[in-house]
Amino acid sequence: MQLKAFSAFALTYLVIAVSAVLQYKGADISSLLHLEAAGRKYFSQSSVVTPLETLLKNNGANSVRQRLFVNPADGINYNLDYNLRLARRVRAAGMSVFVDMHLSDNWADPGHQATPAAWKNYNIDDLAWALYNYTLMVGNTFASNNIPIELISIGTEIRAGLLWPLGSVKNYYNIAHLLHSASAGIKDSNLNPKPKIMIHLDNGWDWNSQKYFYDTVLAQGALLSSDFDVIGVSFYPFYGTGATLAALKSSLEQLGSRYGKGVLLAETNWPATSCFGTIFPNDLKGIPQTVAGQTSFIQQVAAIVDAVPAGLGLYYWEPAWIGNANLGSACADNLMVDGNGKVRESFKVWGKI
């Protein structure tokens, strides 16, 4: 065991960090097959061409998150077949699969939760039935391909609801009804063993918004506590000064104790270069916006997750998406590989948490 004292800018307490104690240490590499189709390759630090999933495994990761769209307009973009191909490679590399169901034909996030086009004219009961059959089909398809799923998220960052407009926060009963149906489809599928079912919200550091969502949706009666196993959160500290490490720790502790679920950091990342004009939370200002800072940030966040009794692990969002290095943020480069696909020193962090 190694005792670590975090800087005054980071944490004001000591934590015990034990190597490889987190159950899940991984990354979302959903873009991989598209990047490879465009001719991208990845290289070890010794400049050897190596599949990205192998690089992850060799550097200590044990799980991969991958996004699933219902019926993307181009018929290929993160559809079910795409996910099966990626999952086979993940399993062959010796890692577990975390399926992130967007429950939309396109990106789902706090500002986008569009109902799939084929379901857009349904009433709430028909929508719930379509959702049940969809998650049932996804589970059965993975099962028939002999690909186990370790974790599956029924929606992505759904603090503002899912499957809009019927599943918006204007009607929490509808949200509860939809989540129950999504869970039931997975539970009724042929997957064996059954995956852990996750509900995933953004702003994981904001306990008040997390509490409001879960208290409200569970009070409706349609969603049972037994319908899900894991509470997932996103943590992006460059989106608000309230996103402190201390706030994240407090929120995760309360989520685990109040709802009796495992808690998992489903998305996070840190800049490899300076984010000009971005104001970071006070207890993160001491972490440099560098490759070394990426390692420090992930180690400190991992220590927080590990210190929470219900903490399960963390996933870095798209560390190798060459050509999209800002990953949707105001920071120019959040990748753990350089522009040529060679892994940076921070890529070793999974073996250090």
#### Entry: Electrostatic pair Lys249-Asp283, nearest N-O below 4.0 angstrom
no
### Query
Hey, does the side chain of Ser189 reach the backbone of Gly139 with a donor-acceptor pair shorter than 3.5 angstrom?
no
### Message
What I want to find out is whether Asp338 reaches Lys342 closely enough, with some N-O distance under 4.0 Å, to be called a salt bridge.
### Response
no
### Query
Just checking, is any N or O donor in the side chain of Asn145 or Arg88 under 3.5 Å from an acceptor N or O on the other one?
yes
### Query
At what distance, to the nearest 0.5 angstrom, does CG of Leu248 lie from CG of Leu245?
7.0 Å
### Query
Which residue pairs pass the ring-ring contact (aromatic ring centres under 6.0 Å, His included) test with at least one member in residues 44-74, sequence neighbours excluded?
Phe69-Tyr78, Phe69-His102, Phe69-Trp107
#### Entry: Flag side-chain contact, heavy atom, 4.5 Å: Gln220 against His177
no
### Task
Keeping the roles fixed (side chain from Asp202, backbone from Ser234), state whether a donor-acceptor pair exists under 3.5 Å.
no
### Message
Please verify the inter-ring angle class for Tyr132 with Trp129; under 30° counts as parallel, over 60° as perpendicular, anything in between as tilted.
### Response
parallel
### Task
Evaluate the ring planes of Tyr315 and Phe98, with Trp represented by its six-membered ring, and classify them as parallel (under 30°), tilted (30 to 60°) or perpendicular (over 60°).
perpendicular
### Message
Please tell me whether Ile124 and Tyr122 are part of a single hydrophobic cluster in this structure, the criterion being side-chain heavy atoms less than 4.5 Å apart.
### Response
yes
### Query
Using the ring of each side chain (for Trp, its six-membered ring), is Tyr212 parallel, tilted or perpendicular to Tyr172, with breaks at 30° and 60°?
perpendicular
### Task
Verify the cluster assignment for Met137 and Leu178: are they in a single hydrophobic cluster under the rule of side-chain heavy atoms below 4.5 Å apart?
yes
### Query
Is Gln113 reaching over with its side chain to a backbone N or O of Thr156, donor-acceptor style, under 3.5 angstrom?
yes
### Set of residues satisfying salt bridge (Lys or Arg N to Asp or Glu O under 4.0 Å) with respect to Arg67, sequence neighbours excluded
Asp28, Glu318
### Query
Quick check: does any side chain N or O of Lys261 sit under 3.5 Å from a backbone N or O of Phe228, one acting as donor and the other as acceptor?
yes
### Task
Determine whether Leu151 and Leu264 make a side-chain contact, defined as any pair of heavy atoms from C-beta on separated by less than 4.5 Å.
yes
#### Entry: Glu150 side chain to Ser96 side chain, donor-acceptor N/O pair below 3.5 angstrom
no
